[in-house]
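We count residues from 1, following the sequence as given.
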Amino acid sequence: SRANSLAECFWLHSEGERRVLAQDWGFDGERRRLNLCSAAMALREIDPLALERMRAYFGEPVSFYFAWLNFYTRSLILPAVVGVAVYACYWLQYEIYLTFLIPGYAGVTMIWSTTFIETWKGRETVLRKQWNADALVLGEEARKGFRGKL
């Protein structure tokens with residue numbers, strides 16, 4: 001029947017669980033929009049219980065994505081603050097801008113990006129061990145016509 005065809009193509013959601021997940025992530029369950037405090041919620045670390053509920057409901061790949069997204073958003077605070085300070089110096093036309101700030105900002109960005117990647121690898125390893133997801137492949141597989149080493 002047509003109803004069975006739809007059930008086979010789309011995830012059927014549990015309304016109660018969906019509301020709990022929406023509240024965990026800062027969404028207003030009735031109006032389906034972000035609460036005013038959602039931006040502040042994005043800057044704090046994910047509650048492990050909320051992440052575990054998401055994993056139980058959606059599975060590991062979706063949970064890894066949201067864990068990474070939260071980690072990345074929080075990590076962007078440092079380069080954003082430094083970038084605003086550098087831009088303010090540029091806007092105020094300080095002489096120091098070209099000689100020290102541009103190379104300094106490039107150095108900060110380089111150190112930040114390396115630190116971010118290595119710190120995320122550690123966080124991902126912890127999540128993989130907690131969820132027993134070592135066999136989970138999170139990436140693209142080689143194209144069938146690919147020739148060469150991976």
Kindly indicate whether the side chain of Leu51, heavy atoms from C-beta on, has any atom under 4.5 Å from the side chain of Asn70. no

Taking the side chain as every heavy atom from C-beta outward, state whether Tyr90 and Ile102 have any pair of such atoms under 4.5 Å apart. no

When the ring planes of Trp131 and Phe64 are compared, do they come out parallel, tilted or perpendicular, using 30° and 60° as the limits? perpendicular

Between the OH atom in Tyr65 and the CE atom in Met54, the distance rounded to the nearest 0.5 Å is 10.5 Å

Spacing of CD belonging to Glu52 relative to CD belonging to Gln130, to within rounding of 0.5 Å: 8.0 Å

Identified side-chain contact (heavy atoms from CB on, under 4.5 Å) partner of Arg123 from the options Thr125, Leu127, Thr119: Leu127

Check Phe66 against Ile46 and note the closest heavy-atom contact, atom names and distance. O-CD1, 3.6 Å

Give the C-alpha distance, both sets of side-chain angles, the deciding distance and a yes or no for ring-ring contact (aromatic ring centres under 6.0 Å, His included) between Phe116 and Phe71. CA-CA 9 Å; Phe116 168 76; Phe71 186 81; 5.5 Å; yes

Would [X] and [Y] show up in the same hydrophobic cluster when neighbours are defined by side-chain heavy atoms closer than 4.5 Å?
X	Y	answer
Tyr87	Leu92	yes
Trp120	Ile117	yes
Val86	Leu76	yes
Phe58	Trp68	yes

Ion pair present between Glu124 and Lys121, side-chain N to carboxylate O less than 4.0 angstrom? no

Pairwise salt bridge (Lys or Arg N to Asp or Glu O under 4.0 Å) hits with a residue in residues 76-88, at least two apart: none

Scan the side chains in residues 105-113 for donor-acceptor partners under 3.5 Å anywhere in the protein, sequence neighbours excluded, and list what turns up.
unit_1: Tyr105; atom_1: OH; unit_2: Pro79; atom_2: O; d: 3.4
unit_1: Thr109; atom_1: OG1; unit_2: Tyr105; atom_2: O; d: 2.8
unit_1: Trp112; atom_1: NE1; unit_2: Ser75; atom_2: O; d: 2.8
unit_1: Ser113; atom_1: OG; unit_2: Thr109; atom_2: O; d: 3.2
unit_1: Ser113; atom_1: OG; unit_2: Met110; atom_2: O; d: 2.9

Without swapping roles, check the side chain of Arg55 against the backbone of Ser63 for a donor-acceptor pair under 3.5 Å. no

